[in-house]
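Accompanying notes for the structure given below.
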Amino acid sequence: MAAVSLLFTLATRLLRPAQSCSLHHRPFRLSAVRNEAVVISGRKLAKQIKQEVRQEVEEWVASGHRRPHLSVILVGENPASHSYVLNKTRAAADVEHIDERKICNAVSPDKDVDGFHVINVGRMCLDQNSMLPATPWGVWEIIKRTGIPTLGKNVLVAGRSKNVGMPIAVLLHTDGAHERPGGDATVTISHRYTPKEQLKKHTALADIVVSAAGIPNLITADMIKEGAAVIDVGINRIQDPITAKPKLVGDVDFEGVRKKAGYITPVPGGVGPMTVAMLMKNTIIAAKKVLRLEEREVLKSKELGVASN
């Protein structure tokens, strides 16, 4: 089960002054002779986004508004959710355990900073502006900010979860000219019943592979197209064969695939930090939206009061 966020504490540590950082990416090539893949640092990209959010929050507070806050409710024992929330709680106040399915649609869609409410999901699927799920949005920002082209490209998304795989596919395949621009890619989605040999046929054609299946070593070097971009969303807790200690790994055989791919994200340090950064961005978006709604209600009440007099 995923972690469900309600509104509203941007952590103090996220609001400390920080050095801005810039990323310099090389031109994206799908077949050129090259060295090992460029390892995309989610931490560096997340730092950029946090700095953007930090500036926006300070301007918001300086204008006389309340500082946004974020509360977290954790559902289930999924290690991916726990890892995500561990990072969230450095920026959040309260953690409880309740049934996700009973509360997803009880949260106001305007305060649903994880983008799980049915209204937000519906608006996302219709290419309308909405609260986007933090992890898919993080993947989308990695691709855009790294300069990886999507228009007309083949994409394989491994994993069809409603919170990760499906939204990633939606963001990548929808029209770039719509209200909420998409990637204009041709997207194939695989899942647990996709035979491995069939999966390999799809990945061999893919310019971009996004793995969010939660299966260690699902994606190996022999499956990857030369120079493809590989985004590893998987978070799997396994026992290190050398140290016998638990460690986090992704879905991708990182050391093998990096020798063949053009771009690759590590685990940890790839999509994870971006997920938290996009959650922070959603929080300030939600705070502004809620304030506008409150101001509208106050104005409406005043108009009704004048009319009654």
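Everything numeric in this text was worked out from a predicted model, so none of it was measured.
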### Query
Is the number of heavy atoms from other residues, nucleotides or ligands under 6.0 Å of K245 NZ greater than 12?
no
query: Does the N120 side chain pair with the main chain of P109, one donor and one acceptor, at a distance under 3.5 Å?
result: yes
Less than 4.5 Å apart, any side-chain heavy atom of K225 and any of V209?
no
query: Under a 4.5 Å cut-off applied to non-hydrogen side-chain atoms, are K153 and T186 in contact?
result: no
Does some side-chain heavy atom of M124 sit less than 4.5 Å from a side-chain heavy atom of P133? yes
message: Closer than 3.5 angstrom, by distance alone: can the side chain of H178 be matched with the main-chain N or O of R180 as a donor-acceptor pair?
response: no
For A212 and V164 the tightest heavy-atom approach is CB-CG1, 3.7 Å
So CE of M274 and NZ of K44: to nearest 0.5 Å the spacing works out to 14.0 Å
message = Does D114 form a side chain to side chain contact (heavy atoms under 4.5 Å, CB included) with L279? I'd like the steps, not just the answer.
response = CA-CA 7 Å; D114 266 332; L279 181 78; 3.5 Å; yes
One should read off an interatomic distance between Q128 CD and T174 OG1, to the nearest 0.5 angstrom, of 12.0 Å
Could you tell me whether the side chain of T135 and the main chain of T275 form a donor-acceptor pair under 3.5 Å?
no
dist D253:CG -> K260:NZ (nearest 0.5 Å) comes out at 12.0 Å
Q.
Does E141 form a salt bridge (Lys or Arg N to Asp or Glu O under 4.0 Å) with K144? I'd like the steps, not just the answer.
A. CA-CA 5 Å; E141 286 296 315; K144 288 198 300 181; 3.4 Å; yes
Q | Non-hydrogen side-chain atoms of V157 and M166 separated by less than 4.5 Å | A | no
> Is there a path from M131 to I119 through hydrophobic residues (I, L, V, M, F, W, Y) whose side chains come within less than 4.5 Å of each other?
Replying inline: no
| field | Contact check, side chains of L291 and W60, non-hydrogen atoms, under 4.5 Å | value | yes
Can you check whether N129's main-chain N or O pairs, donor with acceptor, with R123's side chain at less than 3.5 Å? yes
**Message:** Can a donor-acceptor pair be found, under 3.5 Å and without considering hydrogens, that links the side chain of E179 to the backbone of D127?
**Reply:** no
Check whether K259 reaches the backbone of E255 with its side chain - one donor and one acceptor, N or O, closer than 3.5 Å.
yes
Correct closest heavy-atom pair for T194 and L199 would be CG2-N, 3.9 Å
**Prompt:** Is a salt bridge present between E58 and R67, judged by a nitrogen-to-oxygen distance below 4.0 Å?
**Reply:** yes
**Prompt:** Quick one: does D207's side chain have a donor or acceptor within less than 3.5 Å of a partner on N154's backbone?
**Reply:** yes
S108 side chain to D110 backbone, donor-acceptor under 3.5 Å = yes
Margin query: If you apply the rule side chain to side chain contact (heavy atoms under 4.5 Å, CB included), what do you find for I208 with T150, and how did you get there?
Written below: CA-CA 8 Å; I208 302 171; T150 59; 3.9 Å; yes
Contact between V267 and V252 at the side-chain level, heavy atoms closer than 4.5 Å - yes or no? no
Is there a side-chain contact between R54 and Q51 in this structure, where contact means two heavy atoms from C-beta onward sitting under 4.5 Å apart? yes
Polar side-chain atom of D251 near backbone of D232 as donor-acceptor pair, under 3.5 Å
no
Under a 4.5 Å cut-off applied to non-hydrogen side-chain atoms, are K200 and M223 in contact? yes
Separation between CZ (R43) and CD (Q48), nearest 0.5 Å, reads 15.0 Å
ask   = Is it the case that D112 and H117 place a side-chain donor and acceptor less than 3.5 Å from each other?
value = no
Rounding to 0.5 Å, atoms CZ (R258) and CD1 (I264) come to a distance of 7.5 Å
- Query: With distance as the sole criterion, is a donor-acceptor pair present between the side chains of S161 and N163 under 3.5 Å?
  - Reply: no
CD1 (I238) and CG (N217) are apart, to the nearest 0.5 Å, by 7.5 Å
Using the side chain to side chain contact (heavy atoms under 4.5 Å, CB included) rule, take V210 and V233 through it: C-alpha gap first, then chi angles, then the decisive distance, then the call.
-> CA-CA 7 Å; V210 181; V233 189; 3.7 Å; yes
For this session: Start with the C-alpha distance between M278 and W140, add both sets of side-chain angles, then the distance that settles side chain to side chain contact (heavy atoms under 4.5 Å, CB included), and finish with yes or no.
Result: CA-CA 10 Å; M278 303 323 297; W140 178 235; over 6 Å; no
